[in-house]
Amino acid sequence: MKHWLMKSEPDAFSITDLQRTTTEPWSGVRNYQARNFMRDDMRVDDKILLYHSNANPSGVAGLATVASAAYPDATQFDVGSDYFDPKATLQSPRWFLVDVRFSKIFPRTIPLAELRLIPDLVDMLLFQRSRLSVQPVEPRHYRLIAALGS
DNA sequence: GCCAACGTTGGC
DNA sequence: GCCAACGTTGGC
């Protein structure tokens with residue numbers, strides 16, 4: 001099983017929103033590397049750290065799981081959507097997503113600034129690739145952060 | 001709101 | 001294929 005970190009801006013879609021909808025198509029990812037992780041490497045039941053960016057504070061807000069295999073992101077075909085992509089076609093979709101299932105809200109968000117101070121997390125990809133919104137997480141990093149949020 | 005980091009686009 | 005210009009992300 002793989003472990004992931006996925007970001008959302010809580011003003012747009014927070015972990016509380018995910019709790020309410022239970023399962024959500026993770027639409028709007030428009031970065032090729034992030035797409036490739038979802039399309040090629042994610043499996044149902046993989047574990048996810050849900051990260052809030054542009055938040056107060058930014059940090060890991062809770063846990064989720066992968067709830068589907070990858071499939072085309074419908075918003076790429078929707079002219080009215082912010083995520084519309086004129087170069088995408090039904091025959092050859094450019095953007096893919098997975099469904100994400102709520103599992104837990106942390107009692108408090110673990111702030112990025114606090115994660116940076118934890119010696120066992122120094123090699124987390126999050127710190128070097130701060131703009132990658134879907135990224136793999138080492139199992140030991142996942143376990144440590146999940147424990148912090150319990 | 002500022003700005004650094006960095007991913008993408010497009011001319012050549 | 002290189003790289004400058006540009007746009008976006010995201011912390012603060």
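Every chain is numbered from 1, with letters handed out A, B, ... down the list of sequences.
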Considering only heavy atoms of chain A and a distance under 4.0 Å, specify the first and last nucleotide of DNA chain C in 5' to 3' order that meet this criterion. C:dG7 to C:dG11

Polar contact flag, side-chain donor to acceptor under 3.5 angstrom, A:Asp78-A:Thr75: no

CE on A:Met6 to CE on A:Met42, rounded to 0.5 Å: 4.0 Å

Contact class for A:Tyr51 (heavy atom, under 4.0 Å): base, sugar-phosphate, or nothing? sugar-phosphate

Taking atom types as modelled, find out whether A:Arg101 and A:Thr21 have a side-chain donor-acceptor pair closer than 3.5 angstrom. no

Single hit among A:Val100, A:Asp45, A:Ile48 for side chain to side chain contact (heavy atoms under 4.5 Å, CB included) with A:Val66: A:Ile48

How many angstroms lie between CZ in A:Arg43 and OG in A:Ser68, if you round to the nearest 0.5 Å? 12.0 Å

